[in-house]
Every structure is written in structure tokens, then in C-alpha cells.
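Worth saying up front: this structure is predicted, and the values here are computed from it rather than measured. Numbered from 1 within each chain, the chains take letters A, B, ... in sequence-line order.
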2 protein chains.
Amino acid sequence: MAQRTGTTGSHRAAPEHTHPGDVPVQTALAALADPVRLTLVRELAGSAEWSRACGSFDVPVGKAALSHHFAVLRGAGIVEQRDEGPKRVNRLRRDEFEARFPGLLELVLREDRRQDRRED
Amino acid sequence: MAQRTGTTGSHRAAPEHTHPGDVPVQTALAALADPVRLTLVRELAGSAEWSRACGSFDVPVGKAALSHHFAVLRGAGIVEQRDEGPKRVNRLRRDEFEARFPGLLELVLREDRRQDRRED
DNA sequence: GCGAGTGTATGGTTTTCATCGAACAGTCGG
DNA sequence: CCGACTGTTCGATGAAAACCATACACTCGC
């Protein structure tokens with residue numbers, strides 16, 4: 001056996017993924033209806049695939065909570081994770097998620113630019 | 001003063017509405033990420049405008065909770081309400097909401113037909 | 001193999017939210 | 001004006017979810 005899963009040989013359990021096609025709308029909406037996860041998704045969208053490790057995001061929570069949030073995003077079919085050495089790198093499942101929930105991802109991302117204007 | 005607000009003269013405080021344009025994505029997503037509210041929206045989508053009073057929906061909750069759910073939907077700019085005699089009738093803000101969150105409403109409604117197949 | 005770096009799992013606290021029951025406010029028909 | 005009907009408000013309860021601190025598991029460079 002030369003290599004198993006990851007880029008380098010990893011003896012760690014690969015993270016369980018849920019395909020977007022198996023995700024109920026409600027789960028997807030709930031996953032995105034959280035400020036921390038929304039930030040993760042947006043930052044992730046602005047980075048190259050597999051370029052961001054879990055700990056590299058700027059969110060105001062401890063690593064335990066952070067790990068939990070990534071588990072939720074994984075369970076909602078929004079992100080894919082892969083072990084790369086000691087770190088776990090991420091990727092937005094843009095196309096697959098888009099196929100399942102057309103426009104949804106684009107919607108929360110567009111909101112990023114729009115931000116919180118609206119002073120009226 | 002001849003008449004004030006409603007169809008018939010109503011001396012009741014008109015419900016406070018939030019325009020979809022003033023709604024953060026997060027609020028919209030959270031509002032739709034609930035089974036009861038999702039049912040309300042879907043049933044509402046299948047009915048003529050202003051044809052459904054709050055109490056006419058088939059959801060397994062008491063009227064206190066139901067009233068709360070409608071308040072949430074109102075606050076998310078998803079429904080509009082108007083007093084008509086003793087009852088409060090509803091309307092989906094299809095176009096306005098669509099303008100603010102393109103595709104979102106259609107997404108949760110399409111899911112209605114799709115339902116829970118996916119046995120595979 | 002040690003130790004630093006990274007992420008997960010566990011246990012317990014706090015917050016948030018859906019829900020109910022009961023009391024209240026309006027509307028309408030007698 | 002009374003009583004049926006409809007919906008809101010209030011206070012309390014229970015469940016779910018976010019969070020932290022700690023302890024653990026794995027990778028890698030030395």
C-alpha cells in the first residue's frame with residue numbers, strides 16, 4: 001500500500017459528508033441562518049478551494065464551537081473537507097449545492113457585498 | 001374621518017409590517033427554517049391572496065404559538081396581514097420578497113412538490 | 001519519541017426559541 | 001349589551017442549540 005486517502009498518507013478517520021442532494025431545505029436554511037457559519041461560508045467563497053484550514057477563519061468562537069459549526073456545514077452539504085497533514089482544509093461545494101438549491105448560495109454571498117447599508 | 005384602515009372600519013391596531021427590503025438575509029433564512037412556518041408559507045402560496053385567516057391553517061400548534069409564527073413571518077417581510085372583521089387575513093408578499101431575495105421563496109415552494117422522496 | 005500545532009470529543013453552562021394555558025382586546029350578530 | 005369567535009399578550013416551561021474549558025487524537029519536525 002503506497003498511499004490511502006489524503007495528499008499525504010493520513011491515518012485519521014475521513015470526515016463524514018452529506019451530499020447536497022440528500023439535504024432537506026430546512027436543514028440548509030438552518031445551517032445558513034447563523035452568523036458564524038455565514039461568515040465561514042463567505043470567507044470560504046472568497047478563497048481558493050482547499051486553501052483554508054478550519055483554524056484560519058476570523059470568527060469570535062473557540063475551536064470547539066468552530067469544529068461544531070463545520071460539522072453542521074458538512075451535514076448540510078455546503079462544505080467539503082479533506083485532511084492535509086495536521087490540518088483539515090475546506091472547499092465550498094458551489095456547483096453541487098447550487099444544483100440542489102438554485103440561487104441560495106449566491107444569495108447569501110451577494111448579501112456579503114450589500115452588507116448592512118440601508119439607513120433610509 | 002370616514003374610514004380608517006381596513007375594508008370595514010377597524011378600531012384595532014394595524015399589524016406592524018417590515019418591508020422585505022429592510023430584512024437581513026439571516027432573518028429571512030431563520031424565518032423559513034421552521035417546519036410550522038414553512039407549512040404556513042406553502043399553504044398560503046396555494047391560496048388566493050387575502051383568502052386565508054390565521055386560524056385557517058392546518059398546523060399542530062395552539063393559537064398562541066400560531067400568532068407568534070405569523071409575527072415572525074411578518075417581521076421577515078414574508079407575509080402581509082390585514083384585519084377583516086374579527087379575522088386577520090394574510091397574503092404572501094411574493095413579488096416584494098422575490099425582489100429582495102431572488103429565488104428563495106420559489107425554492108422552498110418547489111420543495112413542497114418534491115417533498116420527501118429520495119429513498120435510494 | 002517529544003513537543004508544538006491542529007482539530008475532535010465530552011461534559012456542563014447559558015441562551016434562545018417554540019410551545020402552552022390563561023387572561024385580555026376587538027368584532028359581530030342577536 | 002351579551003356571548004361566540006378570532007387573534008394577541010403574558011408568564012412559565014421544556015427542548016434545542018451555541019458556547020467554553022478540558023482532555024484526547026493525530027501529524028509533523030526535530
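- In this structure, A:K63 places its NZ atom 14 Å from P of D:dC24, rounding to the nearest Å.
- For A:K87, the listed nucleotide lying nearest its side chain is C:dT6; candidates were D:dG7, D:dC5, C:dT6.
- With rounding to whole Å, B:E84 atom CD is found 14 Å from C:dC28 atom C1'.
- Looking only at side-chain heavy atoms (C-beta outward), B:L104 and B:V25 stay at 4.5 Å or farther from each other.
- Taking the side chain of A:A65 as heavy atoms from C-beta on, and the options D:dC26, D:dT9, D:dC19, the nearest nucleotide is D:dC19.
- Distance, B:L40 CG to C:dT19 P: 10 Å, rounded to whole Å.
- Using a 4.0 Å cut-off on heavy atoms, the residues of residues 53-62 of chain B that approach DNA chain D are B:A53, B:C54, B:G55, listed by number.
- In this view, B:H68 satisfies the side-chain hydrogen bond (donor to acceptor under 3.5 Å, both in side chains) rule with no residue, not counting sequence neighbours.
- When distances run from any side-chain atom of A:P86 to the nucleotides D:dC10, C:dT6, D:dC5, the shortest one goes to C:dT6.
- Residues passing the side-chain contact (heavy atoms from CB on, under 4.5 Å) test with B:A33, sequence neighbours excluded: A:L29, A:A30.
- A:L66 has its CG atom 8 Å from the P atom of C:dG7, to the nearest Å.
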Expected list for residues 73-80 of chain B: side-chain donor-acceptor pairs under 3.5 angstrom, two or more places apart:
from  : atom 1 : to    : atom 2 : distance (Å)
B:R74 : NE     : B:E16 : O      : 3.2
B:R74 : NH1    : B:Q81 : OE1    : 2.6
B:E80 : OE1    : B:R91 : NE     : 2.9
B:E80 : OE1    : B:R91 : NH2    : 3.0

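- Looking at residues 27-36 of chain B, you'll see B:D34, B:V36 sit with a heavy atom under 4.0 Å from some atom of DNA chain C.
- Scored by the side-chain contact (heavy atoms from CB on, under 4.5 Å) test, B:P86 finds no partners at all (sequence neighbours excluded).
- The side-chain contact (heavy atoms from CB on, under 4.5 Å) search around A:A99 returns none, not counting sequence neighbours.
- Base-pairing analysis of DNA chain C finds the following stems of at least three consecutive Watson-Crick or G-U pairs, with both pairing distances under 3.5 Å: C:1-30 with D:1-30.
- Considering only residues two or more places apart in sequence or on other chains, B:S67 meets the side-chain contact (heavy atoms from CB on, under 4.5 Å) condition with none of them.
- Checked by atom type and distance alone, the side chain of B:H19 never pairs as donor or acceptor with a backbone atom of B:H17 at under 3.5 Å.
- In terms of heavy atoms, B:V23 sits closest to B:R100 at O-NH2, 2.8 Å.
- A:R12 places its CZ atom 6 Å from the P atom of D:dT27, with the value rounded to the nearest Å.
- When hydrophobic side chains of Ile, Leu, Val, Met, Phe, Trp and Tyr are connected at separations under 4.5 Å, A:W50 ends up clustered with A:V89.
- In the region residues 68-78 of chain B, proximity to DNA chain C at under 4.0 angstrom, judged on heavy atoms, holds for B:H68, B:H69.
- One finds no salt bridge joining A:E98 and A:R94 here, because no Lys/Arg side-chain nitrogen approaches an Asp/Glu carboxylate oxygen to under 4.0 Å.
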Would you give me the side-chain donor-acceptor pairs under 3.5 Å for residues 55-65 of chain B, sequence neighbours excluded?
from  : atom 1 : to    : atom 2 : distance (Å)
B:S56 : OG     : B:R52 : NE     : 3.0
B:S56 : OG     : B:A53 : O      : 2.7

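- In this structure, of C:dT8, C:dT27, D:dT9, it is C:dT8 that holds the atom nearest to the side chain of A:S67.
- The CZ atom of A:R52 sits 11 Å away from the P atom of C:dG7 (whole-angstrom rounding).
- Between the side chain of A:R12 and the backbone N or O of A:G85 there is at least one donor-acceptor pair closer than 3.5 Å.
- D:dC26 atom P lies 11 Å from atom CG of A:D83, rounded to whole Å.
- Taking atom CZ of residue B:R88 and atom P of nucleotide D:dT8, one finds them 5 Å apart after rounding to whole Å.
- The main-chain N or O of A:V108 is found under 3.5 Å from a side-chain atom of A:R42 such that the two form a donor-acceptor pair.
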